[in-house]
2 protein chains.
Amino acid sequence: MTPDTQDSFKALADPTRRQILMQLSQQEMTIAEITDQFDMTRAAIKKHLTILEKGNLISVKTKGRERINSLETDGLKTVTDWLTYFDHFWDNKLNRLQTTIANNNTDHPDSD
Amino acid sequence: MTPDTQDSFKALADPTRRQILMQLSQQEMTIAEITDQFDMTRAAIKKHLTILEKGNLISVKTKGRERINSLETDGLKTVTDWLTYFDHFWDNKLNRLQTTIANNNTDHPDSD
DNA sequence: AATAAGCGATACCAAAAGGTATCGTATTTA
DNA sequence: TAAATACGATACCTTTTGGTATCGCTTATT
């Protein structure tokens, strides 16, 4: 059950799916309820939900003939964890910028 | 110059492009240098770079006949900003979990 | 001046993504 | 029990995506 970064990023790459997540952050919803919010068929929404589930962004519980979808934070954590890799660059950005400006007129000597 | 969330998310949805970003977080690189790190043609890498640039994840400066690509934090910020929308859910997750457990035997009578 | 290096742009291709239509199944409800 | 509801699954279609091959332009290099 290794968190698959690719599945999570891919799931977030579609605007409809991101909107679904925002809806689900407000309340749990069945497939039909989600479909009502969009201009596409239930089958299309179901496909999106499958992708979101694979990306660990939602979880589903069955209740009679209904499937209730709710937000799952695991996939979001996978993505934010990946993004933290760049924190050190974020911190160093000002330094790099200053270095760039300092070296702006004099090209580095050995490549001339 | 509104930051286009879709472009940034889409740019991050490909594993090759994420790897390129990690490379660029270490050092600026030309297209040829990046290509050396991957098992695909320069044309393919160039396409990825164009998508990364559109997502505000890299910037390019021309130096003679070379194009030097460097990491740009704007696109990363666009994505992290979007993700912060779910912070409140993150905080409330324990609450919701407890509520779910409490309601586990008695089906909720209404949709509250 | 001739040649090599670094790159942009385009045409082209196979596979994946996003969508619809349709049929089947399980669960409520009248 | 019969009908409606909520959904799963599949086949099918069009567009997008990720890749190659190729040509040509500009900038070094000799």
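Chain letters run A, B, ... following the sequence lines, proteins first and then strands; every chain starts at 1.
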In whole angstroms, how far is the P atom of C/dG6 from the CD1 atom of B/I45?
16 Å
With sequence neighbours left out, write down each residue that passes side-chain contact (heavy atoms from CB on, under 4.5 Å) with B/I51, or none if nothing qualifies.
B/A11, B/R17
Can you check the A/K61 NZ to D/dC7 P distance for me, whole Å?
14 Å
Starting at CD1 of B/I34 and ending at P of C/dG6, how long is that distance when rounded to a whole Å?
14 Å
Return the minimal non-hydrogen interatomic distance between B/A44 and B/M40, and the atom names on each side.
CB-SD, 3.7 Å
Between atom CG in B/D36 and atom C1' in C/dA5, what is the gap in whole Å?
13 Å
Taking side chain to side chain contact (heavy atoms under 4.5 Å, CB included) as the criterion, tell me which of B/E33, B/Q37, B/R18 meets it with B/Q23.
B/Q37
What one should report as the nearest heavy-atom pair of A/S8 and A/G55 is OG-O, 2.9 Å
How many Å lie between NZ on A/K63 and C1' on D/dC7, as a whole number?
16 Å
Would you kindly give the CD-to-C1' distance between A/E66 and C/dA26, to the nearest whole Å?
13 Å
Does anything in residues 37-53 of chain A pair up under salt bridge (charged side-chain N to carboxylate O under 4.0 Å, His left out), and if so which pairs, sequence neighbours excluded?
A/E53-A/R67
Could you go through nucleotides 17-20 of chain C and list every protein N or O atom that sits under 3.5 Å from one of its N or O atoms, giving the distance for each pair?
from: C/dA17; atom 1: OP1; to: A/K10; atom 2: NZ; distance (Å): 3.3
from: C/dG18; atom 1: OP1; to: A/D14; atom 2: OD1; distance (Å): 3.3
from: C/dG18; atom 1: OP2; to: A/R17; atom 2: NH1; distance (Å): 3.2
from: C/dG19; atom 1: OP2; to: A/H48; atom 2: NE2; distance (Å): 2.3
from: C/dG19; atom 1: N7; to: A/K47; atom 2: NZ; distance (Å): 3.0
from: C/dG19; atom 1: O6; to: A/K47; atom 2: NZ; distance (Å): 2.2
from: C/dT20; atom 1: OP2; to: A/T41; atom 2: N; distance (Å): 2.9
from: C/dT20; atom 1: OP2; to: A/T41; atom 2: OG1; distance (Å): 2.7

I'd like to check the side chain to side chain donor-acceptor pair (under 3.5 Å) partners of A/K54; sequence neighbours left out, ordered by chain and number.
none
List, with names and distances, any nitrogen or oxygen atoms from the protein found under 3.5 Å away from nitrogen or oxygen atoms belonging to nucleotides 1-5 of chain D.
from: D/dT5; atom 1: O2; to: A/R65; atom 2: NH1; distance (Å): 2.7

Nearest 0.5 Å, what's the CD1-CG distance between B/I34 and B/L52?
8.5 Å
Would you mind reading off the distance between A/M29 atom CE and D/dA6 atom C1', rounded to a whole angstrom?
15 Å
Test of understanding: clusters of I, L, V, M, F, W, Y form through side-chain heavy atoms closer than 4.5 Å, transitively. Do B/L12 and B/W82 belong to the same one?
yes
Does B/D81 have any salt bridge (Lys or Arg N to Asp or Glu O under 4.0 Å) partners at least two apart in sequence or in another chain, and if so, which?
B/K77
Length of the CZ-P vector between B/F38 and D/dT20, whole Å:
13 Å
